[in-house]
Amino acid sequence: MKKVGIIGIGEYLPKKVLTNADLERMVDTSDEWITTRTGIKERRLVAKDEATSDLAIKASEKALKDAKLKPEDLDLIIVATITPDMQFPSVACLLQSALKAKNAVSFDIAAACAGFIYALVTAQQFIAGGSYRNALVVGSEVLSSITDWQDRNTCVLFGDGAAAAVVSQVQSGGILASHLGVDGSFEELLKIPAGGSRMPASQKTVEQRMHYIKMRGNELFKHAVNLMVEAAELALQKASLNSSDVDLLVPHQANIRIIQAVAKRLRLRMDQVYLNIQRYGNMSSASAATALCDALTEGRIKKGDIVVLDAFGAGLVWGACVIKW
Ligand code: UT7
């Protein structure tokens, strides 16, 4: 099998900043509660005319530039998102057209907050098997479009953003191992009840606010910690490594207390963990992706480092990926 790794990365965060102080004026909450319970200080929101594909395009252009590739060099585009511009066509099709990536096939993956890792591992298979040479893997979300801005339990948590990675064959290092998991029996813990074939949109579903995220946060919390620890350990095991080999953990950014608990269980110090939750909140598939991009930009990852991407989300789905840089 060929070695596969990330050869370029880029991100785009919308300009508008929503602070905890802004949220204090919208719902019954406080900066103190949000900061201590989640670690979030602010998040980004799209402009009125911005959708998920717009964020994906800007992040992808940067990733292609970083990889020194042209859009026509791409054979495959995978977008991880739970907030597509519309039910169909996929964001990946809109992105393929906008980039003029005329040689690429493209599709979306819906694996919620683990979406970027699912997409990365999928792209890896196509390249390792020799079907394709260059893939673009994107995590892009406009969670503000599915957030109930009257529900303090959820509206303080989410933000909008995107990151993209160009994935190709590499001479050394690259993706060493991964572990993906699903348990669909927990669908009730985090979902949008209406708007699909089970409960199509109607006046009633709109009135009952059924098109927004419904989350049982407390119950999710403990699953998040257990499953992120398990995913990281199993992926490391497959790479014949253990947590003492890890230079940087790049986790999904749902809650700083979840991340701290995962780090503790993996026996990692917090300076071995990358955080951008304070700036961006939870951006689902874009969280681990932007965290990886930010960590690279800030020089937190050096050649030869062992980096673990680790995420968990609605499904339940989870996944971890061990990358040697
Ligand atoms: O992206 C992947 C999926 N998502 C997750 O993994 C999220 C996992 N869950 C969490 O991060 C946390 O459970 C939350 C941040 C969502 C909530 O934190 P918590 O410490 O579990 O709080 P809680 O839900 O147990 O609520 C504690 C109290 C409640 O009041 P009472 O019943 O004790 O009087 C809530 O009503 O905090 C109240 N509360 C708030 N107070 C001020 C809930 N939201 C807020 C708020 N501001 N925004």
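Just so you know, these numbers use all the heavy atoms, side chains as well, and skip hydrogens, waters and symmetry mates. Counting convention: from 1, in listed order, for ligands and their atoms alike. Note that the structure is predicted; figures quoted are calculated from it, not measured.
For the atom pair Cys155 SG and Leu23 CG, the distance stands at 5.5 Å (nearest 0.5 Å). Remark: Ile258 CD1 to Phe312 CZ distance equals 7.0 Å, nearest 0.5 Å.
By the 4.5 Å heavy-atom criterion applied to side chains, Val262 and Pro251 are not counted as neighbours. Residues Leu94 and Thr52 have side chains not in contact (no heavy-atom distance under 4.5 Å, counting atoms from C-beta outward). Using a 4.5 Å cut-off on side-chain heavy atoms (C-beta onward), Lys58 and Glu50 make contact. In this structure, Phe107 and Ile78 have side chains that are in contact, with non-hydrogen atoms separated by less than 4.5 Å. Taking 4.5 Å as the limit, some side-chain heavy atom of Ile117 sits within range of a side-chain heavy atom of Leu180. You'll find the side chain of Met270 reaches within 4.5 Å of the side chain of Leu275, heavy atoms only.
Both the backbone and the side chain of Thr29 come within 4.0 Å of ligand 1, judged by heavy-atom distances. The side chain of Thr38, and not its backbone, has at least one atom closer than 4.0 Å to an atom of ligand 1 (non-hydrogen atoms only; side chain from C-beta on). Contacts with ligand 1 closer than 4.0 Å are made by no heavy atom of Thr154, backbone or side chain.
Gly217 O, 2.9 Å is the protein heavy atom nearest to atom 9 (N) of ligand 1. What sits closest to atom 35 (C) of ligand 1 on the protein, heavy atoms only, is Arg152 NH2, 3.9 Å. Looking from atom 43 (C) of ligand 1 to the surrounding protein, the closest heavy atom is Asn153 OD1, 3.2 Å. In terms of protein heavy-atom proximity, atom 14 (C) of ligand 1 is closest to Asn255 ND2, 4.3 Å. Among all non-hydrogen protein atoms, the one lying nearest atom 18 (O) of ligand 1 is Arg257 NH2, 3.5 Å. From the protein, the heavy atom lying nearest to atom 1 (O) of ligand 1 is Asn282 ND2, 2.7 Å. Nearest protein neighbour of atom 24 (O) of ligand 1, counting heavy atoms only, is Asn218 ND2, 3.8 Å. When only non-hydrogen protein atoms are considered, atom 3 (C) of ligand 1 lies nearest to Leu190 CD2, 3.6 Å.
Residues Val273 and Val308 share a hydrophobic cluster, clusters being chains of Ile/Leu/Val/Met/Phe/Trp/Tyr side chains in contact below 4.5 Å. Cluster membership check: Leu74 shares its hydrophobic cluster with Val138, using side-chain heavy-atom separations under 4.5 Å among Ile, Leu, Val, Met, Phe, Trp and Tyr. Ile109 is not connected to Leu55 by any chain of hydrophobic side-chain contacts under 4.5 Å among Ile, Leu, Val, Met, Phe, Trp and Tyr, and they are in different clusters. With hydrophobic clusters built from ILVMFWY side chains whose heavy atoms lie under 4.5 angstrom apart, Ile256 does not share a cluster with Tyr280.
Counting only non-hydrogen atoms, the option in Trp33, Phe221, Trp318 that gets closest to atom 37 (O) of ligand 1 is Trp33. Selection from Met215, Glu24, Arg37 by nearest heavy atom to atom 22 (O) of ligand 1 gives Arg37.
Between His252 and ligand 1, at least one pair of N/O atoms sits closer than 3.5 Å.
Glu141 and Thr81 form a side-chain donor-acceptor contact under 3.5 Å, judged by distance and modelled atom types alone.
Proximity of atom 16 (C) of ligand 1 to the protein is indicated by at least one non-hydrogen atom lying closer than 4.0 angstrom. In this structure, atom 47 (N) of ligand 1 is in close contact with the protein, since a protein heavy atom lies within 4.0 Å of it. For atom 41 (N) of ligand 1, the nearest protein heavy atom is under 4.0 Å away. There is no protein heavy atom closer than 4.0 angstrom to atom 33 (O) of ligand 1.
Under a 4.0 Å heavy-atom criterion, His223 is not in contact with ligand 1. At least one heavy atom of Ile258 sits closer than 4.0 Å to an atom of ligand 1.
The Phe312 neighbourhood of ligand 1 comprises atoms 2 (C), 6 (O), with distances under 4.0 Å to a heavy atom of that residue. Contact atoms of ligand 1 toward Cys113: 1 (O), 2 (C) (distance under 4.0 Å to a heavy atom of the residue). Of all the atoms in ligand 1, the ones that sit under 4.0 Å from a non-hydrogen atom of Val156 are 48 (N).
When every heavy atom of Trp149 is checked against every heavy atom of Val27, the shortest pair comes out as O-CG1, 3.6 Å.
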